[in-house]
Amino acid sequence: MSANVTDVVITAANAASVLVCLLAAILVFVFKLHKMVTYRLALYQVLSGLAFALVATIKIIVINRSENPYVYDRVCITIGWLTMYCQWTKLLFTAWLTFHLFCFGVLHKNLNHLEALYVVTSLLVPAVMAAIPAITNTYGLSPLGGCFVYVQNDSQSIAVIERFVLWDGPAMAVLLLASAAMVVMVTSLARIVCRRLKYEPMIEGDQFWKALRQLLPLAIFPILFFMFMLPVFAVHVQLARTPSLGRPLTLTASVFLVLWSMTSGAVLIAHITLVKCLSKQKSIVIQRNSNSEYYSSHAIQSKDNEV
C-alpha cells in the first residue's frame, strides 16, 4: 500500500472516530445523562478519545502540506506535544475509572466526591509529561515518514528511552494494574451478587443494584484499554528492536490507537441506546398494567352498579 493511500485510510479512520465520539458526547447531553457521575466518567473517556482522534486527523492532513522547513518543524513539535498530551489524558482517565470501579466493587466505597481530582490530574499531569520531550528537543520528524510525528525513533538517541519512560512504561504499568484490579473486582462483585441473590430478593429501589447497574457498564473501558494498548506496546518494543520494519509497525500501532478511541464512543452509544430502549419498554409495560387495572376496576364498578 502506497504512502498516499495509507494516509487516506488512516485519515478516514480517524475522522470516523471523531464522528463516533462526537455523537456519543452529544447523546449524553441530549438525554441529560451528564448530570450523573457514572455517565460523566464515561464522557471523559469519550472526550479524550475524541481529542486524540482529532489531533491524529489534523496531523496527517496538515503535516504533509507545509513546504517551509521552519513551519514544518514547529508543526511537528506542536502535534507531537498534542499527541502525547491526548494519549496521557486518556490513559489517566482510564486509570482513575479503574480505581473508581475497584473501590466500589472491592472496598465498597463510593468515591463520587473525587471526580474533581480525577479531572484536574488527568488534564494537568499530561501537560507536564508531554512537555519533557519538548524541553529535551526530541519531538520532530520520524524517520518512518512525515505523517508519523511522535517522539523521534532513533536507536542512538535519547528519544527511544524517553518514549518508553514517558509513555510505554507508564501505559504498561497502568495496563497491568488495571487488569489485576478488574479481575479482583469482578470476582468480588460475583460473590456479592450471588450472596445477595441467595438471601435477599432483587428489589427495584435497592441502592446496591442501582449503583451496580450504573457502574458495571463502565468496566468495558478498562477492558478496551487492555485490548488495544497491549498490541501497541508490543509494536513499540519490536520497533525499537527492528527499525527496518518501521512503517508497517507504526501503521499497526496507529490502527490500534484509532480503534481505542472509536470503540469508546461506540460502546457508550450502544449503552445509551440499550438503556433508553429498556426504559421505553418498561414504560410501555407500566402503562399497559395501569390501563389493565383501570379497565378491571371500571368493569367491577359497572357490575356493582347493575346489582
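What you are looking at is a predicted structure, and each value in this text was computed from that prediction instead of being measured. Side chains are part of it too, since the values below use all heavy atoms of this structure and drop only hydrogens, waters and symmetry mates.
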**OP:** May I have the step-by-step check of side-chain contact (heavy atoms from CB on, under 4.5 Å) for Phe221 and Thr263, ending in yes or no?
**Re:** CA-CA 9 Å; Phe221 291 106; Thr263 51; over 6 Å; no
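- Taking CG of Leu175 as the start and CG of Asp168 as the end, the distance is 11.5 Å to the nearest 0.5 Å.
- Note that CE of Met262 and CG of Leu224 are 12.5 Å apart. Values are rounded to the nearest 0.5 Å.
- One finds the CG atom of Leu50 at 11.0 Å from the OG atom of Ser264 (value rounded to the nearest 0.5 Å).
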- [ ] Would you please test Phe225 and Thr98 for side-chain contact (heavy atoms from CB on, under 4.5 Å) and show each step?
- [x] CA-CA 11 Å; Phe225 173 65; Thr98 307; over 6 Å; no
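- Evaluation of the salt bridge (charged side-chain N to carboxylate O under 4.0 Å, His left out) test over residues 75-100, restricted to residues two or more places apart or in two chains, returns none.
- Pro133 and Ala130 make their closest contact through CD-O, 3.4 Å (heavy atoms, listed as atom of the first residue, atom of the second, distance).
- Closest of all the heavy-atom pairs between Ala25 and Val46 is N-CG1, 4.4 Å.
- A donor-acceptor contact shorter than 3.5 Å is absent between the side chain of Trp96 and the backbone of Leu41.
- What you find for Ser179 and Phe226 is that their closest heavy atoms are OG-CD1, 3.2 Å.
- Under a 3.5 Å cut-off, the side chain of Ser17 and the backbone N or O of Ala13 do not form any donor-acceptor pair.
- Although no hydrogens or angles enter the test, the distance criterion places no donor-acceptor pair under 3.5 Å between the side chain of Ser122 and the main chain of Val119.
- Taking CG from Leu114 and OG1 from Thr121, the interatomic distance works out to 10.0 Å, rounded to the nearest 0.5 Å.
- One hydrophobic cluster holds both Ile220 and Val184 under the rule that ILVMFWY side chains link at heavy-atom gaps under 4.5 Å.
- Looking at Phe99 and Leu111, their side chains come closer than 4.5 Å, going by heavy atoms from C-beta outward.
- Residues satisfying the side chain to side chain donor-acceptor pair (under 3.5 Å) criterion with Thr94, sequence neighbours excluded, are Gln45.
- What you find for Trp81 and Ala131 is that their closest heavy atoms are NE1-N, 3.6 Å.
- There is no path of hydrophobic side-chain contacts, each under 4.5 Å, that joins Leu176 to Met229.
- Connection of Tyr39 to Phe31 is established within a shared hydrophobic cluster, with ILVMFWY side chains joined at heavy-atom distances below 4.5 Å, either directly or through further cluster members.
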| said: Set out, in order, the CA-CA distance, both residues' side-chain angles and the distance that settles side-chain contact (heavy atoms from CB on, under 4.5 Å) for Leu33 and Arg40, then state yes or no. | reply: CA-CA 8 Å; Leu33 300 174; Arg40 286 201 298 273; over 6 Å; no
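- No side-chain donor-acceptor contact under 3.5 Å links Tyr118 to the backbone of Asn112.
- The CG atom of Leu97 sits 12.5 Å away from the CG atom of Leu92 when rounded to the nearest 0.5 Å.
- Through chains of ILVMFWY side-chain contacts below 4.5 Å, Leu124 is grouped with Val120.
- Atom-to-atom distance recorded for Lys276:NZ and His271:NE2 is 10.0 Å, nearest 0.5 angstrom.
- For the pair Ser261 and Cys21, the tightest heavy-atom approach, listed with the atom from each and the gap, is O-SG, 3.3 Å.
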Stepwise side-chain contact (heavy atoms from CB on, under 4.5 Å) check, Tyr44 with Glu115: CA-CA 11 Å; Tyr44 300 146; Glu115 181 185 2; 2.5 Å; yes
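- Hydrophobic cluster membership differs between Leu101 and Leu177, with clusters built from Ile, Leu, Val, Met, Phe, Trp and Tyr side chains linked at under 4.5 angstrom.
- Ring geometry for Trp88 versus Trp167: interplanar angle over 60°, hence perpendicular rather than tilted (30 to 60°).
- In this structure, Val28 is a member of the same hydrophobic cluster as Val30, with clusters built from ILVMFWY side-chain heavy atoms closer than 4.5 Å.
- The two residues Val55 and Cys86 come nearest to each other via the heavy atoms CG2-SG, 3.8 Å.
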